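The structure appears below as structure tokens.
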Amino acid sequence: MRKLVLTIISSLFILSCNDDDDITVKLGTGNQLGDNSGGSSASVYYTPTSTLKGTATFPIGVAMSQNQAGSANFTAIASKEFNSVTASNEMKFSTHSPAQGTYNWAPGDAIVNFAKTNNMRLHGHTLIWHQQVPTWVTNFSGTNAEFEAAIKSYVTEVVTHYKGKVASWDVVNEALNEDDSLRSTIFSQKLGSNYITKVFQWARAADPTAKLFYNDYNLESNITKANAAIALAIANSTLIDGIGLQMHISITTPSATVLNTIMDNVVATGKLIHFSELDVIVNPNGSVSSYDYATALTQKNKYKEVFGIYKTKVPAAQRFGITVWGMRDVDSWLKVNGNNFNDYPLLFGDNYEYKIAHQGVIEALK
Ligand code: XIL
């Protein structure tokens with residue numbers, strides 16, 4: 001009898017444990033997760049008690065698409081957690097101007113409306129970049145003077161269109177090589193090596209109140225490249241208001257030591273500083289086959305470290321904010337562009353679950 005009672009009690013205990021596990025597993029449903037067992041304390045997700053924007057003392061942004069602007073789920077979390085948005089593609093050259101002198105404003109305007117409706121800041125991305133450029137630009141057959149007139153007209157039209165609607169622009173994106181040299185692009189070739197200054201001048205003239213940024217990748221990890229961006233900002237001191245560090249990083253790089261060193265140098269410019277496209281990949285060398293708790297925890301700690309360094313290093317007057325490059329893992333450009341790239345770089349799971357990375361950000365912001 002005593003044995004039977006014990007058996008019943010232990011069965012009930014196992015059942016109740018299974019219930020807990022069920023909850024954990026249910027949270028993970030549809031997210032192709034690996035080992036997510038071990039009770040809710042070891043889940044890759046958690047139940048938040050604070051919001052990002054409610055905790056931060058600087059703007060917290062998210063990159064988004066026109067499609068997402070029409071999603072009720074996306075809108076609910078975006079408006080709750082974020083107070084700044086950047087269009088992933090809708091304000092790029094190839095979207096804006098399929099033919100010379102022809103403008104397609106609808107995608108960008110959808111993001112403008114989203115930002116306005118949800119009371120969010122809109123960061124313009126991006127005026128001049130060597131990617132996502134329409135063929136009329138890459139195949140331009142006129143003279144260099146005609147090219148300059150066409151690009152000046154494009155920049156002026158776009159900045160004027162969004163005047164009063166965007167707070168800021170990534171005026172030039174990714175113009176530097178990994179050493180401190182200028183990347184050779186259609187723009188450097190046809191507008192000359194001082195083209196960055198020209199583009200900033202055109203943008204400034206069209207909207208004198210927008211904050212103008214130079215934006216690039218690997219600035220957070222390559223000290224030489226970061227110093228080149230800093231030199232550019234200093235050389236164009238009245239035109240460049242801020243530096244955007246894209247921050248497409250991984251759980252292993254950059255180290256806190258490198259990021260701290262670079263941040264000291266960037267802060268010394270006195271410019272605004274935007275972590276403009278943050279994501280943290282967990283699978284930099286393809287060795288991770290599932291998003292287990294240990295991996296999620298390492299990612300949480302990296303997010304926490306990055307937000308902590310920004311908060312500690314950047315004086316309040318220079319904090320333009322931190323923008324994550326997408327909401328859910330499934331939305332990540334790395335996932336889409338990388339052909340089933342097995343990674344989980346963002347703060348939310350595929351079904352809008354709050355990842356513990358979100359908790360890491362909250363802990364850093366508090
Ligand atoms: C990416 C978009 O997120 C993708 O949807 C698109 O296919 C390619 O561009 N650096 C940038 C961003 O400055 O504009 C890029 O965005 C990601 C890398």
Side-chain angles (χ1 to χ4, degrees), residues 61-71 74 78 82 84-98 104 107-108 110-111 114 122-135 137-138 155 158 162 166 168-178 183 185-187 196 199 203 211-222 225-226 229 232 240 242-250 253-254 273-281 284 320-341 343-348 350:
V62 63
M64 64 174 290
S65 68
Q66 186 179 6
N67 279 349
Q68 287 166 329
S71 154
F74 179 91
F82 299 95
S84 179
V85 285
T86 305
S88 303
N89 294 295
E90 288 72 2
M91 295 167 71
K92 289 174 176 172
F93 210 150
S94 56
T95 307
H96 272 149
S97 183
N104 171 32
I111 308 295
F114 182 91
L122 177 56
H123 175 63
H125 175 82
T126 173
L127 295 173
I128 294 297
W129 185 29
H130 62 284
Q131 289 186 26
Q132 295 180 271
V133 179
T135 49
V137 174
T138 42
V155 169
V158 171
Y162 293 104
V166 302
S168 47
W169 278 104
D170 287 331
V171 176
V172 177
N173 195 31
E174 302 183 358
L176 294 168
N177 288 317
E178 292 307 294
R183 184 194 294 275
T185 69
I186 188 88
F187 304 107
I196 297 178
V199 178
K211 298 295 182 198
L212 305 183
F213 282 79
Y214 175 73
N215 194 54
D216 213 327
Y217 63 89
N218 285 355
L219 298 185
E220 69 288 337
S221 53
N222 178 344
K225 191 172 184 180
L232 190 67
I240 300 184
I243 298 174
L245 296 87
Q246 289 185 7
M247 303 286 299
H248 295 295
I249 65 169
S250 85
T253 52
I273 299 171
H274 187 197
F275 284 178
S276 57
E277 306 181 11
L278 176 63
D279 42 34
V280 181
I281 58 170
F320 191 74
I322 299 183
T323 296
V324 286
W325 205 245
M327 184 183 284
R328 301 174 302 170
D329 286 333
V330 72
D331 301 324
S332 170
W333 69 296
L334 299 162
K335 202 103 180 156
V336 175
N337 287 7
N339 283 332
N340 294 324
F341 190 60
D343 219 304
Y344 309 85
L346 297 169
L347 298 177
F348 292 85
D350 294 357

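Atoms considered below: every heavy atom in the structure, side chains included; atoms not considered: hydrogens, waters and symmetry mates. Just so you know, these numbers come straight off a predicted model, no measurement behind them. Atoms within a ligand are numbered from 1 in the order they appear, just like the ligands themselves.
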### Query
If every non-hydrogen atom of Glu277 is compared with every non-hydrogen atom of His125, which pair is closest and at what distance?
OE2-CE1, 3.2 Å
### Message
Please classify the Asn89 to ligand 1 contact at 4.0 Å (heavy-atom distances, strictly less than): side chain, backbone, both or neither.
### Response
side chain
#### Entry: Atom indices of ligand 1 within 4.0 angstrom of Lys92 heavy atoms, with elements
1 (C), 2 (C), 9 (O), 12 (C), 14 (O), 15 (C), 16 (O)
### Query
If you measure every N/O of Trp325 against every N/O of ligand 1, is any gap under 3.5 Å?
yes
### For His125, atoms of ligand 1 separated by under 4.0 Å from a heavy atom
11 (C), 12 (C), 13 (O), 14 (O)
### Query
What residues, two or more places apart in sequence or in another chain, satisfy salt bridge (Lys or Arg N to Asp or Glu O under 4.0 Å) together with Asp170?
none
### Task
Mark up the atoms of ligand 1 that fall under 4.0 Å of a heavy atom belonging to Asn173, in ascending order.
11 (C), 13 (O)
### Donor-acceptor pair between Ser168 and His123 side chains, under 3.5 angstrom
yes
### Message
Considering both backbone and side-chain atoms of Glu277, is one of its nitrogen or oxygen atoms within less than 3.5 Å of a nitrogen or oxygen in ligand 1?
### Response
yes
### Query
Atoms of ligand 1 less than 4.0 Å from Glu174 heavy atoms?
10 (N), 11 (C), 13 (O)
### Message
Do Gln131 and Asn173 pair up side chain to side chain, a donor and an acceptor below 3.5 Å, judged on atom types alone?
### Response
no
## Note on the structure
For Ser276 and Asn215, the nearest pair of non-hydrogen atoms, with its separation, is OG-OD1, 2.6 Å
## Note on the structure
Residue set satisfying side chain to side chain donor-acceptor pair (under 3.5 Å) with Asn104, at least two apart, ordered chain then number -> none
